[in-house]
Visitor: 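Take this structure, written in structure tokens, and hold onto it; I'll ask about it next.
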Amino acid sequence: MMDKPLELNFGRAERVALCTLRRAVLDEACCRQAIVCPFGIGRDQARVRALFLAVWDGDEALCHRALHLRGPGGWRPTKTERRLLKAVSAAQAEDAWLLDNYLYKIALAPALRSRLALAVQALAAALAVHGYW
């Protein structure tokens, strides 16, 4: 018997966070054509996307290469996606040390990691405002 994909074990909040992360990092053409989650964070999506792209100075291709994410609608989360979800959880718990620890494996440079932390904190805040987590 096959194991269930990990994403099926996620609650609604984790699914929204994962969908939002994927839509923030991937190019808009991909996201328009892919199956997207029917629930989300509304207008905050554009702000979160801008912050994630700002981590890599607006270079969408570089951002996509640095963050190994599947397209919206993908079943299994990547290792990076799981790390980012844990970072979002740490940001919502306001645990700066744990947030930095999760992001250290994604972005080694301190300046890059601090910008990524701001993007993750913005995502965490948007999820909280919309009632997730």
Side-chain angles (χ1 to χ4, degrees):
M1 186 154 128
M2 288 182 57
D3 291 334
K4 284 184 182 178
L6 293 177
E7 191 175 319
L8 293 179
N9 296 330
F10 286 169
R12 187 173 177 142
E14 289 96 349
R15 288 179 190 220
V16 171
L18 187 57
C19 183
T20 303
L21 280 168
R22 289 172 175 175
R23 292 183 74 203
V25 173
L26 297 173
D27 65 345
E28 298 205 13
C30 168
C31 292
R32 275 195 298 268
Q33 295 169 354
I35 299 170
V36 295
C37 53
F39 36 80
I41 60 171
R43 294 181 186 172
D44 290 329
Q45 178 71 44
R47 183 171 153 256
V48 169
R49 177 175 167 70
L51 284 169
F52 270 96
L53 290 179
V55 173
W56 285 272
D57 299 320
D59 188 342
E60 197 169 277
L62 188 58
C63 180
H64 183 60
R65 269 194 307 268
L67 297 176
H68 304 286
L69 307 181
R70 294 197 197 289
W75 287 104
R76 280 201 180 271
T78 65
K79 195 180 274 190
T80 302
E81 289 172 337
R82 288 192 302 268
R83 226 173 246 135
L84 284 168
L85 288 175
K86 289 177 182 177
V88 169
S89 180
Q92 286 196 327
E94 298 179 2
D95 189 338
W97 182 86
L98 194 56
L99 173 63
D100 188 64
N101 188 26
Y102 287 128
L103 296 181
Y104 180 78
K105 307 224 181 198
I106 298 169
L108 291 176
L112 190 65
R113 195 166 55 249
S114 67
R115 291 193 308 254
L116 184 56
L118 288 175
V120 168
Q121 288 168 335
L123 173 56
L127 288 167
V129 164
H130 291 276
Y132 299 110
W133 243 282

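If you're wondering where the values come from, they're calculated on a predicted model, not measured in any experiment.
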Visitor: Run the side chain to side chain contact (heavy atoms under 4.5 Å, CB included) test against His130 and tell me which residues pass, sequence neighbours left out.
Guide: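 Checked His130 against side chain to side chain contact (heavy atoms under 4.5 Å, CB included); matches are Ile41, Asp44, Tyr132.
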Visitor: Using a side-chain heavy atom cutoff under 4.5 Å and only I, L, V, M, F, W and Y, what cluster partners does Leu108 have?
Guide: Tyr104
Visitor: Minimum heavy-atom separation for Leu127 and Ala17, please, with both atom names.
Guide: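 Closest approach of Leu127 to Ala17, heavy atoms only: CD1-CB, 3.6 Å.
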Visitor: Of all heavy-atom pairs between Val120 and Leu103, which one has the smallest distance, and what is that distance?
Guide: CG2-CD2, 4.2 Å
Visitor: Under the side chain to side chain donor-acceptor pair (under 3.5 Å) test, which residues partner Glu81, sequence neighbours left out?
Guide: Arg22
Visitor: Say you draw a straight line from CZ of Phe52 to CG of Leu123; how long is it, rounded to the nearest 0.5 Å?
Guide: 5.5 Å
Visitor: Answer yes or no: is there a side-chain heavy-atom contact under 4.5 Å between Gln121 and Leu99?
Guide: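 Touching, per the 4.5 Å side-chain cut-off.
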Visitor: With heavy-atom distances below 4.5 Å as the criterion, would you say the side chains of Tyr102 and Leu84 are in contact?
Guide: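 A side-chain contact is absent here, since even the closest heavy-atom pair is not under 4.5 Å.
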Visitor: Mind checking what makes side chain to side chain donor-acceptor pair (under 3.5 Å) contact with Arg83, not counting sequence neighbours?
Guide: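 Counting only residues at least two positions away or on another chain, Arg83 forms no side chain to side chain donor-acceptor pair (under 3.5 Å).
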Visitor: At their closest point, which heavy atom of Ala111 faces which heavy atom of Ser114, and how far apart are they?
Guide: O-OG, 2.9 Å
Visitor: Sequence neighbours left out, what pairs pass salt bridge (Lys or Arg N to Asp or Glu O under 4.0 Å) with at least one residue falling in residues 113-126?
Guide: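 Every pair satisfying salt bridge (Lys or Arg N to Asp or Glu O under 4.0 Å) with a residue in residues 113-126: Asp100-Arg113.
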Visitor: Which pairs pass salt bridge (Lys or Arg N to Asp or Glu O under 4.0 Å) with one or both residues in residues 117-133, sequence neighbours excluded?
Guide: none
Visitor: Listed by chain and number, what are the side chain to side chain contact (heavy atoms under 4.5 Å, CB included) partners of Ala122, not counting sequence neighbours?
Guide: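 In terms of side chain to side chain contact (heavy atoms under 4.5 Å, CB included), with neighbours along the sequence ignored, Ala122 is linked to Arg47, Leu51.
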Visitor: Cut-off 3.5 Å, no hydrogens considered: what does the side-chain donor-acceptor table look like for residues 85-96, sequence neighbours left out?
Guide:
residue	atom	partner	partner atom	Å
Gln92	NE2	Ala124	O	2.7
Asp95	OD1	Trp97	N	3.4
Asp95	OD1	Leu98	N	3.1

Visitor: If you compare all heavy atoms of Leu69 against all heavy atoms of Leu21, which two are closest, and at what distance to 0.1 Å?
Guide: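 For Leu69 versus Leu21, the nearest heavy atoms are CD1-O, 3.7 Å.
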Visitor: Decide yes or no on side chain to side chain contact (heavy atoms under 4.5 Å, CB included) for Arg76 and Arg70, but give the supporting numbers first.
Guide: CA-CA 8 Å; Arg76 280 201 180 271; Arg70 294 197 197 289; 3.9 Å; yes
Visitor: If you group Ile, Leu, Val, Met, Phe, Trp and Tyr by side-chain heavy-atom gaps below 4.5 Å, do Leu112 and Ile106 land in one group?
Guide: yes
